[in-house]
Amino acid sequence: MRMGMETRMMMAMVVLMFLLQMVASSDLRPGFYSETCPNTEVIVRDVMKRALAVEPRSVASVMRFQFHDCFVNGCDASMLLDDTPTMVGEKLALSNINSLRSFEVVDQVKEALENACPGVVSCADIIIMASRDAVALTGGPDWEVRLGRLDSLSASQEDSNEIMPSPRANASALIDLFQKYNLTVKDLVALSGSHSIGQGRCFSIMFRLYNQSGTGRPDPAIEAGYREELERLCPLDVDQNVTGNLDFTPLVFDNQYFKDLVAGRGFLNSDQTLFTFPQTREFVRFFSTNQDQFFKAFVEGMLKMGDLQSGRPGEVRTNCRVVNARPAHLLFESQHNLLSNNKSIYDM
């Protein structure tokens with residue numbers, strides 16, 4: 001009888017620890033890991049430096065993870081989860097398939113952190129830190145990030161498809177989307193400046209070049225000389241995974257992106273529409289002539305976006321691609337039943 005009670009007590013403690021790990025985190029703050037893993041941010045930046053040296057485009061790709069993650073049920077690293085037999089994740093969602101890349105950089109960051117501090121730093125926080133570092137390491141602003149997120153227990157391709165905008169989106173649709181997250185028009189324009197670094201695929205601009213709005217003609221907003229460049233890069237018979245620079249200085253985070261929009265040289269429709277639409281045009285003009293103000297607004301937007309949370313239970317994954325293994329009995333019992341069982345055990 002005593003052995004049975006001790007076993008049940010141990011099981012109860014395991015369950016309790018598991019449930020405590022799954023609570024939803026809302027206490028985001030700088031220096032969250034100062035005691036539990038004090039070198040966290042140094043480790044992340046070192047890995048990002050190495051990634052930049054190996055392939056400069058990779059850090060631009062990682063920087064976009066924050067937008068693709070945080071807009072879909074909050075900043076919880078759901079977009080990093082691989083598909084399973086019981087879950088269709090977000091990696092193959094319409095806005096992500098053949099577009100998001102460099103997941104291996106996050107894997108490298110996670111491995112380094114697990115070696116230093118096993119089970120401490122969440123993948124969701126890695127995305128936030130790595131996005132910041134991608135900007136800082138390519139000439140953009142540096143800032144203090146708020147940390148303390150948990151990783152999701154699932155992902156949803158359907159949610160991603162319903163939420164994330166298309167490269168064809170116009171400014172009006174983008175404004176409406178951002179407002180749902182309490183992000184302003186200024187935030188939208190500043191955060192679009194993330195396209196200051198990196199590349200985009202021909203797939204995303206074929207309609208602009210050859211059939212804008214079903215007209216059978218190119219987008220008239222494209223400057224003539226730039227349109228010729230794009231037509232050479234992306235002819236009708238091109239492999240649509242061929243990539244082109246998103247602005248004239250694709251390796252440097254600066255305000256060249258906005259200068260290009262003013263000149264009619266935006267790569268994506270969702271970029272150029274920011275200058276053709278009256279409500280966003282003046283912010284584009286302003287940032288094109290004032291890089292410091294762009295940097296300030298970009299940091300403010302990234303911090304606001306990084307605060308988006310779903311309030312759902314989470315965990316700290318040991319592998320960013322999969323949820324942690326569960327004790328077998330937890331697969332069959334609800335949290336409510338587990339809590340009830342704990343109470344009855346301690347009442348014995």
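Along the sequence shown, the residues carry numbers beginning at 1. When reading the values below, keep in mind they use all heavy atoms of this one structure, side chains included, and skip hydrogens, waters and symmetry mates. Predicted model only: the values in this text are computed from it and were never measured.
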Indicate yes or no for a side-chain donor-acceptor contact from [X] to the backbone of [Y] under 3.5 Å, with no hydrogens or angles considered.
X      : Y      : value
Ser204 : Gly200 : no
Ser61  : Leu100 : no
Ser78  : Ala155 : no
Glu223 : Gly225 : yes
Ser58  : Val54  : no
Lys186 : Phe283 : no
Asn115 : Glu111 : yes
Asp151 : Ser122 : no
Arg321 : Leu81  : no
Asp260 : Gly266 : no

Side chain to side chain, [X] and [Y], heavy atoms closer than 4.5 Å:
X      : Y      : answer
Val72  : Ser156 : no
Val284 : Val189 : yes
Phe71  : Pro165 : no
Leu308 : Met305 : yes
Met63  : Ser194 : yes
Phe275 : Thr280 : no
Ser196 : Gln256 : no
Asp247 : His195 : no

All side-chain contact (heavy atoms from CB on, under 4.5 Å) counterparts of Leu303, not counting sequence neighbours: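 Expected list: Trp143, Arg146, Val299.
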Verify same cluster id: [X], [Y] (apolar side-chain graph, 4.5 Å):
X      : Y      : value
Met87  : Val322 : no
Phe178 : Ile175 : yes
Val185 : Met302 : yes
Leu191 : Phe277 : yes
Leu274 : Phe207 : no

Can [X] and [Y] be counted as an ion pair, charged N to O under 4.0 angstrom?
X      : Y      : value
Arg132 : Glu41  : yes
Glu229 : Arg232 : no
Arg101 : Glu55  : yes
Asp27  : Arg149 : no
Asp76  : Arg312 : no

Whether Phe253 and Phe294 hold their rings parallel, tilted or perpendicular, with breakpoints at 30° and 60°: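 If you compare the ring of Phe253 with that of Phe294, the planes turn out parallel.
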Worked verdict on Lys49 versus Leu137 for side-chain contact (heavy atoms from CB on, under 4.5 Å): CA-CA 7 Å; Lys49 285 179 181 177; Leu137 291 172; 3.7 Å; yes
What distance do [X] atom [atom1] and [Y] atom [atom2] have between them, rounded to the nearest 0.5 Å?
X      : Y      : atom1 : atom2 : answer
Asn245 : Ile197 : CG    : CD1   : 12.0 Å
Leu177 : Met164 : CG    : CE    : 7.5 Å
Ile43  : Met129 : CD1   : CE    : 9.5 Å
Ser95  : Glu90  : OG    : CD    : 9.0 Å
Leu147 : Tyr33  : CG    : OH    : 6.0 Å
Gln66  : Ser131 : CD    : OG    : 4.5 Å

Qualifying residue, where the test is salt bridge (charged side-chain N to carboxylate O under 4.0 Å, His left out) with Asp219 and the options are Arg208, Arg168, Arg227: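 Option passing the salt bridge (charged side-chain N to carboxylate O under 4.0 Å, His left out) with Asp219: Arg208.
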Between the side chains of [X] and [Y], does any donor sit under 3.5 Å from an acceptor?
X      : Y      : answer
Ser310 : Asn73  : no
Asn255 : Gln293 : no
His68  : Asn96  : yes
Tyr181 : Asp187 : no

Residue of the set Ile128, Val44, Thr138 for which side-chain contact (heavy atoms from CB on, under 4.5 Å) holds with Asp133: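 Considering Ile128, Val44, Thr138, a side-chain contact (heavy atoms from CB on, under 4.5 Å) with Asp133 is found only for Val44.
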Derivation and outcome, side-chain hydrogen bond (donor to acceptor under 3.5 Å, both in side chains), residues Gln157 and Asp83: CA-CA 10 Å; Gln157 185 179 117; Asp83 289 356; 5.0 Å; no
Check: Phe295 ring centre within less than 6.0 Å of Phe287 ring centre: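 Centroid separation for Phe295 and Phe287: 6.0 Å or greater.
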Aromatic centroids of Phe248 and Tyr257 separated by under 6.0 Å: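 They do not qualify: ring centres at least 6.0 Å apart.
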Exercise: identify the closest heavy-atom pair between Ala130 and Val62: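 Looking at all heavy atoms of both residues, the shortest contact is CB-CG1, 3.6 Å.
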side-chain contact (heavy atoms from CB on, under 4.5 Å) assessment of Leu80 paired with Phe103: CA-CA 7 Å; Leu80 298 179; Phe103 293 101; 3.7 Å; yes
side-chain hydrogen bond (donor to acceptor under 3.5 Å, both in side chains) between Gln199 and Thr243, worked out: CA-CA 6 Å; Gln199 297 182 318; Thr243 59; 3.0 Å; yes
Nonpolar side-chain network containing Leu268, other nodes, edges under 4.5 Å: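 For the cluster that includes Leu268, the remaining residues are Ile205, Met206, Leu209, Tyr210, Ile222, Tyr226, Leu230, Leu233, Leu236, Val238, Val242, Leu246, Phe267.
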Audit row: Leu150, Glu315, side-chain contact (heavy atoms from CB on, under 4.5 Å) steps and yes/no: CA-CA 5 Å; Leu150 293 175; Glu315 64 180 8; 5.9 Å; no
Other residues, nucleotides, ligands: >12 heavy atoms within 6.0 Å of Arg217 CZ: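 No, not enclosed.
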Stepwise side-chain contact (heavy atoms from CB on, under 4.5 Å) check, Val121 with Val316: CA-CA 7 Å; Val121 182; Val316 175; 5.8 Å; no
Working for side-chain hydrogen bond (donor to acceptor under 3.5 Å, both in side chains), residues Arg317 and Ser152: CA-CA 9 Å; Arg317 293 184 210 136; Ser152 71; 3.0 Å; yes
